[in-house]
Amino acid sequence: MAKDFSTRAENYAQWYNDLVIKADLAENSAVRGCMVIKPYGYAIWERIQAVLDRKFKDTGHSNAYFPLFIPKSFFSKEASHVEGFAKECAVVTHYRLKSSPDGKGVVVDEDAKLEEELIVRPTSETIIWDTYRNWIKSYRDLPILINQWANVVRWEMRTRLFLRTAEFLWQEGHTAHATMEEAVKEAETMLNVYADFAETWMAIPVIRGVKSPAERFAGAIETYAIEALMQDGKALQAGTSHFLGQNFAKAFDVKYLNKENQLDYVWATSWGVSTRLMGALIMAHSDDHGLVIPPKLAPIQVVIVPVFKNAEQLTLISETALSIKSSLEKRGISVKYDDRDTHKPGWKFSEYEFKGVPIRVIIGPRDIEQGTVEVARRDTLEKEVLQITDIDIKIEHLLDQIQKNLYDRALAFREENTFRVDNWEEFKKVLDETGGFLSAHWDGTAETEIKIKEETKATIRVIPLNNPRETGKCVYSGKPSDQRVIFARAY
RNA sequence: CGGGGUAUAGCGUAGCACGGUUAUCGCGCCUGCUUUGGGAGCAGGAGGUCGCAAGUUCGAAUCUUGCUACCCCGACCA
């Protein structure tokens with residue numbers, strides 16, 4: 001079945017690309033590095049958005065919107081922040097075009113040069129903190145708990161659909177607090193929101209932890225992250241939550257009067273996930289037959305395909321099909337009944353399999369006679385003939401089972417591909433032969449971290465939360481270490 | 001930004017070293033008939049500024065120069 005698209009074993013990167021294109025999720029656009037997200041792909045993103053948005057609101061946040069453009073001067077206010085983003089910013093320098101002197105097309109009107117260049121936001125900390133200054137005067141104004149759904153631009157050298165594009169969609173939360181404790185707690189709360197979303201909805205097990213200083217967000221005191229393992233043994237950062245300390249408050253002069261009538265800087269967090277989650281979703285579960293979408297995020301959870309020879313048969317089948325459809329919809333299940341006569345059943349089977357629809361129900365003349373339907377599940381590709389009685393309940397249970405199976409499968413894969421490594425030769429060997437998460441001792445220095453990266457391309461993905469203390473020797477330097485950290489090659 | 005490569009129909013391609021009728025083949029698309037429980041078969045048909053621009057030539061997909069875009073490897077990165 002898997003004709004004209006690569007298998008994972010042949011070429012994982014090609015397999016990923018073929019999948020995104022052929023499952024109709026997204027495609028490259030006429031603009032370098034920017035993708036077009038197609039309706040089916042966008043429908044999945046909308047599901048992700050809807051669930052996360054609910055979770056943000058349930059944890060007390062509100063949505064707002066800040067400008068796409070940021071004055072250049074804002075970027076020089078927080079030193080490490082500008083350092084982190086300066087090399088990948090798109091800059092607006094003019095505000096007008098004019099007809100080309102040679103009559104062919106248009107050119108930039110040099111007379112319309114901006115006094116101050118505008119930066120297309122790579123992230124919104126600066127414009128938001130500049131705004132917060134006016135909003136915060138007293139401890140009574142705190143906390144501020146805001147989220148924004150937006151697009152951002154980071155001018156990447158090399159792009160890949162969903163995993164790294166020059167423009168991408170995301171949400172960014174930006175909060176302001178009266179105390180450090182409260183801000184830290186907020187950063188941790190949001191990390192847990194992300195982790196719960198990844199595990200419960202995306203069926204992707206993640207490791208919660210903090211980043212090493214070298215991997216921290218530009219301007220953060222602490223960066224929390226959830227890290228997932230993909231099927232090719234590479235790690236993917238699925239979400240980050242930053243404790244920003246008072247860095248941005250100081251850079252943008254955001255002070256408030258506390259209960260003791262003293263001026264103090266506020267404490268900040270920011271947190272975000274992007275359309276990169278789509279990449280994680282694809283790579284975590286899909287197989288050589290195409291996409292596999294966890295039921296909880298699938299735009300179409302059940303597809304019903306009729307098999308018929310003529311119009312009379314179709315009429316008869318449709319009656320049964322539509323009644324199943326409506327009984328499923330009453331249970332909140334999204335169903336598509338595909339009765340098009342422009343495509344053959346076999347074609348439809350392949351199509352929905354490729355698009356990762358969790359359950360396919362087939363109804364033909366045979367079933368009408370016998371009061372049955374054929375049910376096929378995407379995760380295991382198993383098919384069984386079921387009595388039509390209580391079919392809605394059976395399918396609802398099956399969806400739950402598929403969701404659980406996908407999570408269990410991904411968890412088992414991660415466990416099989418997590419290795420405790422205690423010497424440098426083994427470290428390199430495991431990395432080259434199987435990849436995966438390497439749990440190893442690290443002496444805690446940036447020098448060692450950089451050396452390891454240079455020699456193996458592996459980085460410290462995460463220092464797990466509640467990491468058990470364990471005395472040992474750094475896998476690279478041999479210096480003493482009191483805990484293991486997770487290394488991997490990453491996306 | 002350094003090194004290498006590619007550009008021919010919606011997609012994938014042949015032709016190019018050695019210039020010469022109407023640019024090859026497959027998929028997809030359209031029409032008709034037969035089909036329909038795992039990507040149907042047969043017949044007919046539509047679809048091309050050969051990436052762009054200039055040059056050499058009686059004649060350029062093919063040779064020369066310039067430009068542009070994309071891909072791979074580095075560096076950088078969510």
Side-chain angles (χ1 to χ4, degrees), chain A residues 1-6 11 13-14 17-18 21-22 27-33 83-89 104 122-123 152-160 162-172 194 211 214-218 220 223 225-228 234-242 270-280 289-290 304-311 313-314 317 338-355 360-370 372-376 381 383 385 453-454 457 459 461 490-491:
Chain A
M1 202 62 39
K3 59 177 183 183
D4 59 73
F5 99 100
S6 308
N11 185 340
Q14 190 64 45
N17 235 348
D18 289 352
I21 302 291
K22 289 207 62 185
E27 63 188 31
N28 283 305
S29 71
V31 185
R32 195 202 81 99
E83 175 132 0
F85 289 103
K87 282 178 283 184
E88 49 188 35
C89 286
K104 284 188 270 187
T123 179
V152 288
V153 169
R154 297 182 190 175
W155 213 261
E156 297 291 346
M157 288 300 172
R158 250 158 94 178
T159 60
R160 286 187 70 191
F162 290 120
L163 295 174
R164 178 169 298 112
T165 46
E167 178 194 16
F168 57 92
L169 306 184
W170 78 347
Q171 60 67 217
E172 46 181 327
Y194 288 151
K211 290 286 181 182
E215 296 279 327
R216 255 178 221 148
F217 176 75
T223 287
I226 52 171
E227 205 73 22
K234 285 171 80 176
L236 190 138
Q237 178 178 304
T240 50
S241 178
H242 315 287
S270 69
W271 28 273
V273 297
S274 71
T275 35
R276 183 179 236 205
L277 284 180
M278 295 284 295
H289 297 269
I304 304 175
V305 178
V307 177
F308 56 95
K309 285 190 165 63
N310 52 52
Q313 277 186 356
L314 178 60
I317 292 166
D338 187 353
D339 62 349
R340 289 177 296 172
D341 63 359
T342 51
H343 295 282
K344 294 183 56 176
W347 189 92
K348 293 177 188 171
F349 300 163
S350 300
E351 175 76 2
Y352 292 110
E353 195 164 284
F354 204 88
K355 289 192 160 185
R360 182 182 70 232
V361 174
I362 303 167
I363 310 175
R366 229 190 272 159
D367 298 297
I368 298 297
E369 275 175 34
Q370 297 167 5
T372 59
V373 294
E374 183 183 288
V375 175
L381 298 171
K383 294 189 275 198
V385 176
K453 186 178 181 183
E454 281 172 356
K457 289 185 183 170
T459 51
R461 299 319 304 157
Y491 276 95

Pairwise side-chain contact, A:Leu381 with A:Glu353, heavy-atom cut-off 4.5 Å (strictly under): yes
Distance in angstrom units between A:Ile363 CD1 and B:U36 C1', rounded: 16 Å
Spacing between A:Ile362 atom CD1 and B:G39 atom P, to the nearest angstrom: 12 Å
Gap between atoms CZ and P, on A:Arg360 and B:G37 respectively (whole Å): 12 Å
Charged tip of A:Arg276 within 45° of A:Phe168 ring normal and under 6.0 Å: no
Side-chain donor/acceptor of A:Lys348 to backbone N/O of A:Asp338, under 3.5 Å: yes
For A:Phe85, all residues meeting ring pair (Phe, Tyr, Trp, His ring centres under 6.0 Å), sequence neighbours excluded: A:His81, A:Phe217
For residues 235-242 of chain A, run the donor-acceptor check on the side chains, cut-off 3.5 Å, and write out each pair with its distance to 0.1 Å, sequence neighbours left out.
| residue | atom | partner | partner atom | Å |
| --- | --- | --- | --- | --- |
| A:Gln237 | OE1 | A:Lys211 | NZ | 3.1 |
| A:Thr240 | OG1 | A:His242 | NE2 | 3.4 |
| A:Ser241 | OG | A:Ala187 | O | 2.7 |
| A:His242 | ND1 | A:Thr223 | OG1 | 2.9 |

Rounded distance in Å between the P positions of B:A61 and B:A17: 13 Å
A:Glu351: salt bridge (charged side-chain N to carboxylate O under 4.0 Å, His left out) partners, not counting sequence neighbours: A:Lys355
Most 5' of A:Asn310 and A:Tyr491 on RNA chain B, judged by nearest nucleotide: A:Asn310
Gap between atoms NZ and P, on A:Lys348 and B:U36 respectively (whole Å): 14 Å
Atom-pair distance (NE2 on A:His343; C1' on B:G37), nearest Å: 18 Å
Flag side-chain contact, heavy atom, 4.5 Å: A:Gln171 against A:Val273: yes
Span that lies between the P atom of B:U6 and that of B:U31, in whole angstrom: 40 Å
No-H, no-angle donor-acceptor pair, A:Arg164 side chain to B:C77 base, under 3.5 Å: yes
Proximal nucleotide (of B:C77, B:A78, B:U36) relative to the A:Arg154 side chain: B:A78
Touch class at under 4.0 angstrom, heavy-atom based, for A:Thr165 against every strand present: base
Shortest non-hydrogen contact from A:Gly33 toward A:Thr159: CA-OG1, 3.6 Å
C1' spacing across the pair B:C63 / B:C18, given as an integer number of angstrom: 11 Å
Touch class at under 4.0 angstrom, heavy-atom based, for A:Leu236 against every strand present: nothing
Gap between atoms CH2 and P, on A:Trp347 and B:G28 respectively (whole Å): 11 Å
Separation of the P atoms in B:C50 and B:A60, to the nearest angstrom: 12 Å
Sugar-phosphate, base or nothing in reach of A:Asp367, heavy atoms under 4.0 Å: base
Integer-rounded Å distance: B:G28 C1' and A:Ile21 CD1: 16 Å
Any A:Phe349 side-chain heavy atom under 4.5 Å of A:Ile362 side chain: yes
Contact letters for nucleotides 1-11 of chain B, in which S counts primed atoms plus P, OP1 and OP2 and B counts the base, heavy atoms under 4.0 Å: -----------
Separation of the P atoms in B:U65 and B:G26, to the nearest angstrom: 36 Å
B:A23 glycosidic torsion: syn (within 90° of 0) vs anti: anti
Side chain to side chain, A:Cys89 and A:Val153, heavy atoms closer than 4.5 Å: no
Any donor-acceptor N/O pair under 3.5 Å between B:G37 base and A:Lys344 side chain: no
Separation of the P atoms in B:C52 and B:G5, to the nearest angstrom: 22 Å
Whether A:Arg154 side chain and A:Glu88 backbone form a donor-acceptor pair below 3.5 Å: no
Where RNA chain B forms stems, i.e. three or more consecutive Watson-Crick or G-U pairs with both distances under 3.5 Å: B:1-7 with B:68-74, B:10-12 with B:25-27, B:29-34 with B:40-45, B:51-55 with B:63-67
Options B:C77, B:G39, B:G37, nucleotide nearest the side-chain atoms of A:Lys453: B:C77
With A:Trp155 via ring pair (Phe, Tyr, Trp, His ring centres under 6.0 Å) - residues at least two apart: none
Integer angstrom distance from the C1' of B:C29 to that of B:G47: 9 Å
Sugar-phosphate, base or nothing in reach of A:Phe217, heavy atoms under 4.0 Å: nothing
Touch class at under 4.0 angstrom, heavy-atom based, for A:Lys457 against every strand present: sugar-phosphate
Shortest side-chain distance from A:Lys22, nucleotide among B:U36, B:G39, B:G38: B:G39
Touch class at under 4.0 angstrom, heavy-atom based, for A:Arg160 against every strand present: nothing
Pairwise 5' ranking along RNA chain B for A:Ala166 and A:Glu351, keeping only the more 5' one: A:Glu351
Whole-Å gap separating C1' (B:A78) and CH2 (A:Trp271): 17 Å
Pairwise C1' distance, B:C67 and B:G59 [rounded to whole Å]: 26 Å
